[in-house]
J.: 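Below: one structure in structure tokens.
Values below: every heavy atom of this structure, side chains too, minus hydrogens, waters and symmetry copies.
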Amino acid sequence: MSEKPGVWELKIDLRNDLQLDDSRQSKDFLREISSLRLYANYIDPRGDRAQTEILFLSHFSPQNNHLKVTTSTTNGRVGEYIVFHIESNFFMETFQYMVMSKGMILTNGVEPFKDGVRTMSITLSAEMAPVATMVVWNIGQFGQVVADSITFP
């Protein structure tokens, strides 16, 4: 468990967890995995229960165009900035972004993109608690949409 109450970091190594070797069959098997569903159940000391699930989907791009958004901010606080890094392996002049929480769009915009990585920051607001999601996308000249998102506490 992280130092923030209620936040866990989980690393999943499918090759190790499924006890796969480095054979071609194992690599093909891993390549064919298209989704992963994670269930979590919590029982507190009083016996109260909470449960949730999340579905991870693999991505596919026919043109091998990929966009990735990450953050280097580990302990954001209201009123401080959260720093995002947007990476791309293809040329794009601009990208669009949107930050949302609890079903509301809190901020959005269009940013220029010059090189392979763009760093930007936004101010954390109370409306973003307890978690918010940033979605980044680009619509190419032939209508191809490339997108990524990150959910942050």
J.: Could you check whether atom CD1 of I105 has more than 12 heavy atoms from other residues, nucleotides or ligands sitting under 6.0 Å from it?
T.: no
J.: Rounded to the nearest 0.5 Å, what separates atom OH in Y97 from atom CD1 in I86?
T.: 9.5 Å
J.: Does the pair F152 and T73 meet the rule for a side chain to side chain contact (heavy atoms under 4.5 Å, CB included), with working shown?
T.: CA-CA 9 Å; F152 53 94; T73 304; over 6 Å; no
J.: Please list, chain by chain and in numerical order, all residues satisfying side chain to side chain donor-acceptor pair (under 3.5 Å) with S149, sequence neighbours excluded.
T.: none
J.: Do M104 and M98 share a hydrophobic cluster (ILVMFWY, side-chain heavy atoms under 4.5 Å, transitive)?
T.: no
J.: Are more than 12 heavy atoms from other residues, nucleotides or ligands located less than 6.0 Å from atom CD of Q51?
T.: no
J.: Hey, is OH on Y81 packed in by over 12 heavy atoms from elsewhere, all under 6.0 Å?
T.: no
J.: For a quick test of reading the model, state the closest non-hydrogen atom pair linking T119 to V83 and the distance between them.
T.: CG2-CG1, 3.5 Å
J.: Between P112 and F95, what is the shortest heavy-atom contact and its length?
T.: O-CE2, 4.0 Å
J.: Between E127 and S125, does any side-chain donor sit less than 3.5 Å from a side-chain acceptor?
T.: yes
J.: Can you name the closest pair of heavy atoms from A129 and S101 and give their distance?
T.: O-OG, 4.0 Å
J.: From T123 OG1 over to M128 CE, what is the distance, rounded to the nearest 0.5 angstrom?
T.: 8.0 Å
J.: Evaluate the side chain to side chain contact (heavy atoms under 4.5 Å, CB included) criterion for residues T94 and F113: first the C-alpha distance (whole Å), next the side-chain angles of each, then the deciding distance (0.1 Å), finally the verdict.
T.: CA-CA 5 Å; T94 62; F113 192 88; 5.9 Å; no
J.: Rounded to the nearest 0.5 Å, how far apart are CG of D148 and CG of N138?
T.: 12.5 Å
J.: Using the side-chain contact (heavy atoms from CB on, under 4.5 Å) definition, which of the options E111, H85, M92 pairs with R118?
T.: E111
J.: Evaluate whether atom NZ of K102 has more than 12 neighbouring non-hydrogen atoms of other residues, nucleotides or ligands under 6.0 angstrom away.
T.: yes
J.: Quick check against the 3.5 Å criterion: does N89 have a side-chain atom that pairs as donor or acceptor with the backbone of N64?
T.: yes
J.: Can you give me the closest heavy-atom contact between N65 and V146, atom names plus distance?
T.: O-CG1, 3.7 Å
J.: How long is the straight-line distance from CG of L20 back to NZ of K27, given to the nearest 0.5 Å?
T.: 11.5 Å
J.: According to salt bridge (charged side-chain N to carboxylate O under 4.0 Å, His left out), who are the partners of R46, at least two apart in sequence or on a separate chain?
T.: D44, D48
J.: Between atom CG of L38 and atom CG of L55, what is the distance when rounded to the nearest 0.5 Å?
T.: 10.5 Å
J.: To the nearest 0.5 Å, what is the distance between CE on M134 and OG1 on T151?
T.: 12.0 Å
J.: Minimum heavy-atom separation for L14 and I33, please, with both atom names.
T.: CD1-CD1, 3.9 Å
J.: Would you say CD of Q19 has more than 12 non-hydrogen atoms from neighbouring residues, nucleotides or ligands within 6.0 angstrom?
T.: no
